[in-house]
2 protein chains.
Amino acid sequence: MLLSKSCVYGVQAAIYMASLPRNEYVSIQEIAGKLNISFHFLTKVLQNLTQAKLLMSYRGPNGGVALARQASDISLADVIEAIDGGDIFKECLFGLPGCGVADPCPAHENWTSMRSRLQHLCTSLTLEELGKRANQLNVRLANADAPMNPAMLLAVMNSKNKPVGTE
Amino acid sequence: MLLSKSCVYGVQAAIYMASLPRNEYVSIQEIAGKLNISFHFLTKVLQNLTQAKLLMSYRGPNGGVALARQASDISLADVIEAIDGGDIFKECLFGLPGCGVADPCPAHENWTSMRSRLQHLCTSLTLEELGKRANQLNVRLANADAPMNPAMLLAVMNSKNKPVGTE
DNA sequence: TTGTATTAAGAGTATTTTGTCTGAATAAAT
DNA sequence: ATTTATTCAGACAAAATACTCTTAATACAA
């Protein structure tokens with residue numbers, strides 16, 4: 001895959017946040033539940049985004065994470081680079097270090113042009129746009145495969161000391 | 001990385017073969033030496049290409065592998081698909097199974113167009129063309145980093161029961 | 001001021017990918 | 001026939017990636 005799984009999770013979470021009507025703190029539990037991602041794993045992924053200043057986080061009850069800038073001011077490329085690093089947009093197709101005009105691989109020319117198209121795409125796609133699209137009918141953000149449970153049930157199941165069956 | 005390491009090795013080996021003046025059996029030792037790849041690992045990778053009928057192989061002294069078709073009739077995409085599978089040219093950016101027009105992810109449109117460009121590029125780049133380029137001055141095929149040894153020395157070092165120091 | 005809900009940090013586990021090694025099969029050369 | 005050079009097959013090891021769990025820090029609420 002082009003993107004690591006961590007990166008995909010981070011992107012999905014970012015788009016989810018951008019798809020909300022207002023930019024408030026959302027708990028990672030909620031995001032993980034909606035996107036059907038492991039809560040603990042997502043937590044770590046989002047820590048990257050927080051450190052990269054793309055998200056802000058807040059601890060304690062009613063805490064969570066929120067976009068640190070306007071959704072229109074964060075690009076897909078920003079999120080990808082924060083998690084997978086900028087190599088995707090710089091690297092040789094064959095991963096050869098130092099591949100460049102002076103010392104190219106046989107696919108250098110073709111690949112650089114391809115790569116810059118990719119970079120342009122990711123740079124121009126904003127979270128705002130992606131969030132809008134995520135809200136459209138029949139557009140989905142994540143793999144809705146296995147669990148039939150609504151997000152809240154999942155969240156309850158993940159929490160450790162709350163007795164279930166008391167609603 | 002877009003391509004797995006196995007895939008890169010396979011592509012490099014295929015281009016190397018195509019860069020030779022004539023399509024003869026070349027030992028995997030020689031290829032591994034020239035490209036600075038682990039011999040045993042490359043052997044396994046090239047077995048994929050042999051099974052996919054892109055290479056033919058011959059055992060015993062003076063044996064090796066050779067292109068099974070004309071270099072002009074094998075595309076980069078052929079090699080990539082034989083090793084990494086066709087998913088690269090089909091998969092959703094986020095790896096969502098079933099992502100398509102009926103049930104798209106927010107990046108579906110942009111990505112499919114990107115992806116088909118990529119596929120077109122890889123399909124139209126032939127081993128012949130890449131092999132020619134590999135023969136040009138200052139174009140290199142592999143990471144020539146560490147070992148200063150010429151390929152033959154490497155080959156000798158790799159062989160197990162030949163005493164070294166008898167040249 | 002104690003409990004509770006949250007993120008942060010990091011140790012630990014599982015899975016996949018990458019790389020190594022050994023032995024078998026094959027075919028040429030001696 | 002025996003030796004030698006090669007690919008083939010598959011077990012094994014190491015490294016990278018993906019995932020789980022536990023504990024700490026923080027901040028709100030009762």
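A note on names: the letters A, B, ... follow the listed sequences, proteins ahead of strands, and every chain is numbered from 1.
Shown here is E24(A), whose CD atom has more than 12 heavy atoms of other residues, nucleotides or ligands within 6.0 Å. Residue R69(B) qualifies as enclosed at atom CZ: its count of foreign heavy atoms under 6.0 Å is above 12.
The nearest whole Å value for the distance from the OH atom in Y58(A) to the P atom in dA27(D) is 6 Å. H40(A) has its NE2 atom 13 Å from the C1' atom of dG12(C), to the nearest Å.
Within the structure, every side-chain polar atom (N or O) of S38(A) is placed at least 4.0 Å from both OP1 and OP2 of dC19(D). Between Q51(B) and dT7(D), a side-chain N or O to OP1/OP2 separation shorter than 4.0 Å is absent. Contact annotation: S57(A) reaches the phosphate of dA8(C) (side-chain N/O to OP1 or OP2, under 4.0 Å).
Relative orientation of the Y25(A) and Y58(A) rings is tilted, given thresholds of 30° and 60° on the angle between their planes.
Using a 4.0 Å heavy-atom distance criterion, Y25(B) is classed as making no nucleic acid contact. Residue contacts for L46(A): at a heavy-atom cut-off of 4.0 Å it reaches no nucleic acid atom on any strand shown.
Relative to the side chain of F39(B), the nucleotides dA18(D), dA27(C), dT7(D) differ in distance, and dT7(D) lies closest.
Of the residues in residues 5-19 of chain A, none has a non-hydrogen atom less than 4.0 angstrom from any atom of DNA chain C.
In the helix from dT1(C)-dA30(D) to dT30(C)-dA1(D), the rotation axis of the first five pairs and that of the last five pairs differ in direction by 10°, rounded to 10 degrees.
Note on L93(B): it does not cluster hydrophobically with V139(A), by side-chain heavy-atom contacts below 4.5 Å among ILVMFWY residues.
For E30(A) and K34(A), the salt-bridge test fails: no basic side-chain N is under 4.0 Å from an acidic carboxylate O.
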